[in-house]
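Here is the structure we will look at, set down as structure tokens.
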Amino acid sequence: MTKVLIFLIVLTSGFLRFWQLPERFPWGGDEGSFIWDIWYVAQGHLTLIGFESAAIGGLNFPPFLLYFFVPLFLMTTGNPIYIGVILAILGVLTSVLFFLAGQKIFGTRVALIAAFIYIFSSHAIFIDHKFIGGTFMVPVSLLVTFLLWKIYQKAQVKTLDLVILGSIIGISFSAHYQAIFIFAAVFLFLLLFKKQFLSIKNVLIFIISAIFWLTPLVLFDLRHNFYHLRGFITLLTSYTNLSAQQGFIVSGQYLLQNFLGLFWQPFYFFKFSQFGLLAIMAAILVIFAIFYFLLWKRNEFAKFKPLYFYFGILFFTGLIVLSLYRSGDYQFDYYYWYLAPAGIFLVALGLDWLFQKKLGWLAQILLLGFLVANLASFINFKPTEPYSFADKTVKTILEDSKNRNLAQIKVKFLGVEVGPHDYLFYWYSKKFGISPEQITLISQREQYQERSILGSGRTPIKILPKSAGENITSDYQVTTGGVQRLN
């Protein structure tokens with residue numbers, strides 16, 4: 001029966017994540033930047049300390065995520081749509097992982113409900129198509145939750161379990177530096193609920209297993225006056241363009257939008273007033289407090305108390321993260337995706353409780369309403385910068401330029417970001433027999449500079465800021481409506 005359920009999960013999740021993939025694969029600045037880093041590594045420029053991220057103050061991410069994509073990148077000669085294929089496959093595997101982890105911990109019915117929510121959540125599908133660190137945090141959080149439960153149930157703490165747990169967290173720093181917060185939550189859980197962990201040997205094994213995957217960065221810091229450690233502390237303490245209250249409200253709204261959006265995507269775009277935000281957050285706290293109390297008291301749920309506590313640690317760590325928030329750049333927005341599995345499992349446990357109380361009809365109505373709302377949202381929603389738009393734009397310009405035998409191709413962008421397009425210009429130029437040096441892209445932004453790759457290289461496509469392109473006669477203009485020939 002389990003194999004049949006897994007087959008149905010793969011079939012359903014796969015259909016929703018592969019359907020109209022080019023139109024639903026977002027191709028924005030994050031995707032456009034990361035594809036260049038993959039390209040740079042694929043050219044043979046290997047790195048141990050990873051790529052620089054301007055979004056987090058020039059700090060480096062470990063390179064494991066880069067190397068994860070390089071083999072398929074090479075096999076497909078750099079076709080970026082296959083990045084979307086990998087992400088869709090990862091989304092399907094995450095759906096299966098929800099079922100398998102949930103079944104091992106909570107039982108088949110809770111596992112099915114949790115997998116059902118993740119499979120059909122239109123917001124989860126959107127995130128499964130996004131080429132960002134948050135995409136990888138959900139499966140990481142699921143694996144960590146399962147391993148913690150496995151370690152808790154065993155009479156003795158096994159060295160291999162600690163090595164695997166520490167390694168997963170260490171490798172997850174490749175997705176985002178916020179893995180430090182889940183590391184802290186896991187460490188606290190082990191200290192409180194596993195007495196055998198309280199030995200110097202076990203603590204060192206866990207910490208070393210996580211740090212091992214960061215060895216190049218650690219060695220770099222030892223030689224460069226703790227560059228990344230100081231940079232990370234600066235990120236937490238020195239972003240002061242917002243007051244603490246403003247930062248909490250702005251970040252809290254974003255996290256709330258993501259949480260509610262997981263169950264109905266329009267909430268993701270809803271702007272809450274300050275009072276409304278605080279009221280909703282207070283209501284969620286009260287509901288979860290009551291829910292926790294009921295679960296804590298029920299005998300059938302009592303054995304899961306350590307996991308409830310772990311979920312609580314993750315949540316309150318999130319509040320601490322919000323209290324540190326000082327910037328309008330959403331430095332801590334991805335943390336929500338570590339919380340997503342906890343939220344889904346708790347909702348699934350609540351629905352399972354309804355089934356046990358002979359209120360299955362109510363649970364079925366709620367699930368049916370969730371299904372209808374999310375399918376409607378899924379059908380009607382598409383990203384503002386889909387891959388299909390950038391792909392069509394670039395091919396149209398290059399094909400027309402080839403027919404006109406243009407020696408130089410100058411393209412002005414207005415209301416559309418250059419970032420997602422520059423790699424496509426490079427990739428398609430070879431197919432149209434055009435040299436990348438013939439192409440100049442003019443950004444709508446004044447502060448835009450040529451993209452830096454891994455902090456040590458430049459892309460083959462020339463990009464000019466807005467002011468530099470004012471005196472240049474462009475051949476084409478790209479707007480949200482498409483391509484317009486200027487001369």
message = Looking only at side-chain N and O atoms, does Asp422 offer a donor or acceptor that is under 3.5 Å from a partner on Trp36?
response = yes
ask   = Mind checking whether Asp391 and Tyr428 have side chains closer than 4.5 Å, heavy atoms only?
value = yes
inquiry  = Taking Gly28's backbone N and O only, do any of them form a donor-acceptor pair with Glu31's side chain (distance below 3.5 Å, no angle check)?
reply    = yes
request  = Answer yes or no: is there a donor N or O on one side and an acceptor on the other, between the side chain of Thr215 and the main chain of Phe212, under 3.5 Å?
outcome  = yes
Contacts table for residues 112-123: side-chain donor-acceptor under 3.5 angstrom, sequence neighbours left out:
unit_1	atom_1	unit_2	atom_2	d
Tyr118	OH	Asp128	OD1	2.7
Tyr118	OH	Asp128	OD2	3.3
Ser121	OG	Ala124	N	3.2
Ser121	OG	Leu262	O	2.5
Ser122	OG	Gln265	OE1	3.2
Ser122	OG	Asn374	OD1	3.4
Ser122	OG	Ser377	OG	3.2
His123	NE2	Asn258	OD1	3.1

ask   = Any ion pair linking Lys462 and Glu437 (charged N to carboxylate O, less than 4.0 Å)?
value = no
ask   = Is there a donor-acceptor contact under 3.5 Å from the side chain of His129 to the main chain of Arg17?
value = yes
key: Phe432 CZ: over 12 foreign heavy atoms closer than 6.0 Å   = yes
task = Report yes if some heavy atom in the side chain of Asp400 is under 4.5 Å from a heavy atom in the side chain of Val483; otherwise report no.
result = no
Other residues, nucleotides, ligands: >12 heavy atoms within 6.0 Å of Phe18 CZ = yes
ask   = Atom CD of Gln438 and atom CG of Leu406: how far apart are they, to the nearest 0.5 Å?
value = 9.0 Å
remark   = Output for pair (Leu97 CG, Leu142 CG), nearest 0.5 Å, gives 4.5 Å
request  = Kindly assign one of parallel, tilted or perpendicular to the pair Phe15 and Trp19, based on the angle between their ring planes and the thresholds 30° and 60°.
outcome  = parallel
request  = Report yes if the side chains of Ser172 and Tyr338 come closer than 4.5 Å at any heavy-atom pair, otherwise no.
outcome  = yes
ask   = Does a side-chain heavy-atom distance below 4.5 Å link Leu100 with Phe146?
value = no
task = Fit a plane to each ring of His421 and Phe389, take the angle between them on a 0 to 90° scale, and name the class: parallel (under 30°), tilted (30 to 60°) or perpendicular (over 60°).
result = perpendicular
query = Any side-chain heavy atom of Ile409 sitting closer than 4.5 Å to one from Leu398?
reply = yes
remark   = When rounded to the nearest 0.5 Å, the distance separating CD1 of Ile211 from OG of Ser167 is 12.0 Å
inquiry  = Please report the interatomic distance CD1(Ile89) to OG1(Thr94), rounded to the nearest 0.5 Å.
reply    = 11.5 Å
ask   = How about Phe378 and Phe126: are their ring centroids closer than 6.0 Å?
value = no
remark   = Closest heavy-atom pair, Leu74 versus Ala42, reported as atoms and distance to 0.1 Å, is CD2-CB, 3.7 Å
request  = Just say parallel, tilted or perpendicular for the rings of Phe136 and Phe68, cut-offs at 30° and 60°.
outcome  = perpendicular
key: Point-to-point distance, once rounded to the nearest 0.5 Å, from CD1 of Ile6 to OG of Ser95   = 12.0 Å
message = Could you tell me if the side chain of Val186 sits less than 4.5 Å from the side chain of Tyr310, heavy atoms only?
response = yes
ask   = For the side chain of Ser141 and the backbone of Met137, is there at least one donor-acceptor N/O pair under 3.5 Å apart?
value = no
request  = Decide yes or no on side chain to side chain contact (heavy atoms under 4.5 Å, CB included) for Ile397 and Ile439, but give the supporting numbers first.
outcome  = CA-CA 11 Å; Ile397 291 173; Ile439 302 171; over 6 Å; no
pair Asp475-Lys410: side-chain heavy atoms closer than 4.5 Å = yes
task = Check step by step if side chain to side chain contact (heavy atoms under 4.5 Å, CB included) holds for Trp27 and Ile35.
result = CA-CA 10 Å; Trp27 193 249; Ile35 193 72; 4.1 Å; yes
key: Residues that Glu385 engages under side chain to side chain contact (heavy atoms under 4.5 Å, CB included), provided they are two or more places apart   = Glu417, Pro420
Rounded distance (nearest 0.5 Å) linking atom OG of Ser443 with atom CG of Leu414 = 10.5 Å
request  = Please lay out, stage by stage, how Leu424 and Tyr387 fare under the test side chain to side chain contact (heavy atoms under 4.5 Å, CB included).
outcome  = CA-CA 10 Å; Leu424 287 173; Tyr387 174 84; 3.9 Å; yes
key: 4.5 Å side-chain heavy-atom contact, Thr393 and Tyr476   = no
inquiry  = I'd like to know if the side chain of Arg24 reaches the main chain of Leu16, judged simply by a donor and an acceptor atom lying under 3.5 Å from each other, with no hydrogens or angles considered.
reply    = no
task = Specify the closest pair of heavy atoms between Gly102 and Ala111, including all atoms of both residues, with the distance to one decimal.
result = C-CB, 3.5 Å
task = Any chance you could lay out the side chain to side chain contact (heavy atoms under 4.5 Å, CB included) test for Thr77 and Trp427, step after step, and finish with the verdict?
result = CA-CA 9 Å; Thr77 65; Trp427 192 73; 4.1 Å; yes
key: Neighbour count above 12 (heavy atom, 6.0 Å) for Lys130 NZ   = yes
